[in-house]
Amino acid sequence: MTCQVASGKAKATRQELDQMNLFSDIRDLVLASLNDMVAQGQLPAGLDFAAVAVEPPRDAAHGDMATNAAMVLAKPAAMQPRAIADALAARLMADPRIAGADVAGPGFLNLRLNPVIWQGLVRSVLTQGIDYGRANLGAGKKVNVEFVSANPTGPMHVGHTRGAVFGDALARLLAFAGWNVTREYYINDGGAQVDVLARSAYERYREALGLEPEIREGLYPGDYLIPVGEALKEKYGDSLLDKGEQYWLKDVRDFATEMMMAEIRNDLKVLGVEMDVYSSEKALYGTGEIEAAIATLRDMDLIYEGVLEPPKGKEPEDWEPRVQTLFRSTAHGDDVDRPVQKSDGSWTYFAPDIAYHHNKVKRGFDALIDIFGADHGGYVKRMKAAVSALSNGRVPLDIKLIQLVKLYKNGEPFKMSKRAGTFVTLRDVVEQAGADVTRFVMLTRKNDAALDFDFDKVLEQSKDNPVFYVQYANARVNSVLRKARDAGIAVDDATLSAADLAGLTHEAEIEVAKKLAEWPRLVEIAARNNEPHRVAFYLYELASDFHGLWNRGNDDTSLRFIQDGQTAVSQAKIALARAVSVVICSGLAILGVTPVEEMR
RNA sequence: GGCCCCGUAGCUCAACGGAUAGAGCGUCCCCCUCCUAAGGGGAAGGUUGCAGGUUCAAGUCCUGCCGGGGUCGCCA
């Protein structure tokens, strides 16, 4: 048995998906009960139930689920919370799923569920396989996730790595939550930086021909351009030598850019990231797309010729007023208007980016997500303003900023300098830590918090390494499955999902089942907030609960998964373990991490 | 100076506006004739930077401060 988890169905219907989430099931029950109360005059009509929630209680002693309905509705209904809660409790008790409903605290209604619910949940996980937890939040709508978008001027470094991992995990999460996801990379191949790349590569070309390269100030000094120079020699011989820039710049630029992109694509592949679409900035030039996007804004009276005020409080030395073409981004929430043209009439970086986002809007996406490095924070408001204007407010743009990664080795921080060419590349990181570890570790932090990445710690095999800890839980499940098979117990998913689970009644086992019940809810919360790190934290908690149950078997042999000579009982317990494995595999798949079957 | 992000246990960090703010590390005490102890249980540790406000309810939302980081018109 492996992590090859059968998918229950190729396509689950909307109704089936809804039934997978125990919390939304019970919320539906609460809402239905509230509506009944309205119909029978126990509650006034016209109440808004949107704020009514059903969630896990902080303390398990409070029950299995809690609803805030009475507290939320007390004021608009002009009633005592207690009165609402009592009436609601009485109605809920009529449902066979509800075993208890107690009013507590400031008006919480704590619910206890019929124990068979948890047994049914375990069965449900095994029946649905990796589809368990799949949500329909996106309802098939189209979302574009743009990420990485590293300049094609060199290999990807650690900062890009985090953005790549985050974007990829977010894309997988949104797909799991029912969105139609497109992953996209925007190649910044249209600006001055690719000319610098060309000139830098040209020096390496001269070097390849036996001349002394002149890596002047402002050029890229990195060794990674040496192969580019050699490839140029291969292709052009010495025909570009001693020619003016006007003869070779374009060709060398295209050549070098293509080589860099090939390298970047390879880096992404090493990391397990695949893009659906690569868009090119350069390709926007000369097509009229930029002009058309600007014209669209101009028609809305959002483009004008004007002079910007100097930054408040900190006027640059060389500040001089100049007339520029400006985008009235302040009309859509920005602080100041932003230039789209330089004084020589050429476009600023912003202009093609406006056109690019216009293009995404025109392609019919229902939502856009951009993933930027934290140093682009100042760019967020103007980009949102542009998309808001170009889509008439129809298409929401969420921009996630990825904070920087601090590298450590033996407790010592790594110093990186792009100018000195001594930066740590994605390849360095993946070669040392492995793609799975790199991905998991980079997802155990919120995107907007800085991340420490310690090469020694991430490879440590102990519980303060979350990657290992989660993998170990899965390996333990597989160990149980192996032992059971050796003992002649059938443990395939079909058998386990048909097993009699009535024996799963111990409080320690129910706790684990409850954790499994939270998975669909967790997926929805994570997807709604575009926060894949929640998946990593959930998996850690699930692993912790499982390790706990495992160790209870040391003291109480009746809690071991394999019960000698009792096939049926063993199968029930193993079903629970296998359900844990299914959810771990499912969660790791969202993070893009390969599950480990066995620790060696 | 403007804008953005961050500030939670000694350290590293969680917490969809919900109840007594949770984990790991570190410290201290326990648990392997038994499915992988690479694990588990327990103890100690907090005025969630400060001060107001909104709310039935604030670490979370709003305002103002303090501290750290990022960023700020012809770089992308």
Side-chain angles (χ1 to χ4, degrees), chain A residues 51 53 55 57-59 62 66 68 70-72 74-75 81 104-108 110 149 151 153 188 190-194 196 281 307-316 319-322 324 326 334-339 341-346 348-350 352-353 373-381 401 403-404 444-446 448-450 452 457 460-466 468-469 471-473 475-477 479-484 487 521-522 524-526 528-529 531 533-534 537 540-541 544 547-555 557 560-563 574 577 598-600:
Chain A
E55 42 194 24
R58 188 182 289 280
D59 187 341
H62 291 142
N68 60 359
M71 290 181 295
V72 171
K75 194 166 190 178
F108 282 102
N110 290 326
S149 297
N151 286 343
T153 55
N188 294 129
Q193 79 281 4
V194 283
V196 174
E281 178 193 358
V307 180
L308 281 177
E309 294 288 317
K312 288 177 186 129
K314 187 202 169 195
E315 184 166 340
W319 181 271
E320 50 187 61
R322 71 175 76 100
Q324 288 171 296
L326 301 170
D334 202 355
D335 305 307
V336 293
D337 294 337
R338 307 291 180 175
Q341 272 181 324
K342 303 174 190 174
S343 57
D344 67 0
S346 65
T348 62
Y349 172 73
F350 188 34
D353 221 352
D375 55 343
H376 286 56
Y379 208 65
V380 170
K381 284 191 178 183
L401 296 179
Q403 278 294 340
L404 49 104
T444 50
R445 194 108 320 168
K446 275 187 296 198
D448 46 15
D452 290 345
K457 200 148 200 174
E460 204 172 281
Q461 300 207 329
S462 70
K463 82 176 165 183
D464 62 325
N465 181 357
F468 165 77
Y469 189 75
Q471 296 278 30
Y472 186 37
R476 276 182 154 174
V477 173
S479 170
V480 168
L481 293 174
R482 275 195 305 274
K483 292 264 199 257
R521 185 171 176 276
L522 186 283
E524 289 189 3
I525 292 170
R528 200 163 39 233
N529 295 295
E531 291 180 340
H533 76 276
R534 289 174 185 272
F537 280 96
Y540 187 86
E541 290 166 14
S544 179
H547 287 308
L549 176 60
W550 179 285
N551 270 75
R552 291 284 291 269
N554 288 339
D555 302 325
T557 54
R560 291 184 197 166
F561 298 103
I562 299 171
Q563 299 289 317
I574 292 168
E598 208 174 344
M599 311 303 285
R600 282 299 175 206

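Residue numbers begin at 1 in each chain, while the letters A, B, ... track the order of the sequences.
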Ignoring hydrogens and angles, are the base of B:G39 and the side chain of A:Asn551 linked by a donor-acceptor pair under 3.5 Å? yes
Nearest to side-chain heavy atoms of A:Pro57, which nucleotide of B:G39, B:A76, B:A19: B:A19
Sorted by chain and residue number, the salt bridge (Lys or Arg N to Asp or Glu O under 4.0 Å) partners of A:Asp464 (sequence neighbours excluded) come out as A:Lys457
Output all residues satisfying ring-ring contact (aromatic ring centres under 6.0 Å, His included) with A:Tyr379, sequence neighbours left out; order by chain, then residue number. A:Tyr349, A:Phe350
Just call it for A:Val307: base, sugar-phosphate, or nothing, with non-hydrogen atoms closer than 4.0 Å on any strand. nothing
Partner residues of A:Tyr469 under the ring-ring contact (aromatic ring centres under 6.0 Å, His included) criterion, sequence neighbours left out: A:Tyr540, A:His547
A:Met71 side chain near A:Phe108 side chain, heavy-atom distance below 4.5 Å: yes
May I ask you to say what A:Ala192 touches in the nucleic acid, namely base, sugar-phosphate or nothing, with a heavy-atom cut-off under 4.0 Å? sugar-phosphate
Re B:A43: Watson-Crick or G-U wobble partner, both distances kept under 3.5 Å, found to be B:U27
Once salt bridge (Lys or Arg N to Asp or Glu O under 4.0 Å) is applied, do any residues pair with A:Lys463, and if so which ones, sequence neighbours excluded? none
Polar pairs (N or O, both sides) under 3.5 Å between protein and nucleotides 28-30 of chain B?
none

Using atom C1' of each nucleotide, how far apart are B:U54 and B:C11 to the nearest Å? 35 Å
Counting just side-chain N and O atoms, does A:Lys463 come under 4.0 Å of either OP1 or OP2 of B:G39? no
Counting any heavy atom closer than 4.0 Å, what does A:Pro310 reach on the DNA or RNA strands: base, sugar-phosphate only, or nothing? nothing
Check whether any side-chain heavy atom of A:Leu401 sits under 4.5 Å from a side-chain heavy atom of A:Asp448, and report yes or no. no
Taking CG from A:Asp464 and C1' from B:U27, how many angstroms apart are they, rounded to a whole number? 15 Å
Around atom CD of A:Glu309, are there more than 12 heavy atoms of other residues, nucleotides or ligands at under 6.0 Å? no
Look at the side chain of A:Asn110 and the base of B:A19, then say whether one donor and one acceptor between them are separated by less than 3.5 Å. yes
How does each nucleotide of nucleotides 2-16 of chain B score, in 5' to 3' order, for protein heavy atoms under 4.0 Å: base (B), sugar-phosphate only (S), or none (-)? -SSSS-----SSSSB
Sugar-phosphate only, base, or nothing, as touched by A:Phe468 at under 4.0 Å among non-hydrogen atoms: base
What contact category does A:Gln563 fall into here, base, sugar-phosphate, or nothing, at under 4.0 angstrom with non-hydrogen atoms? nothing
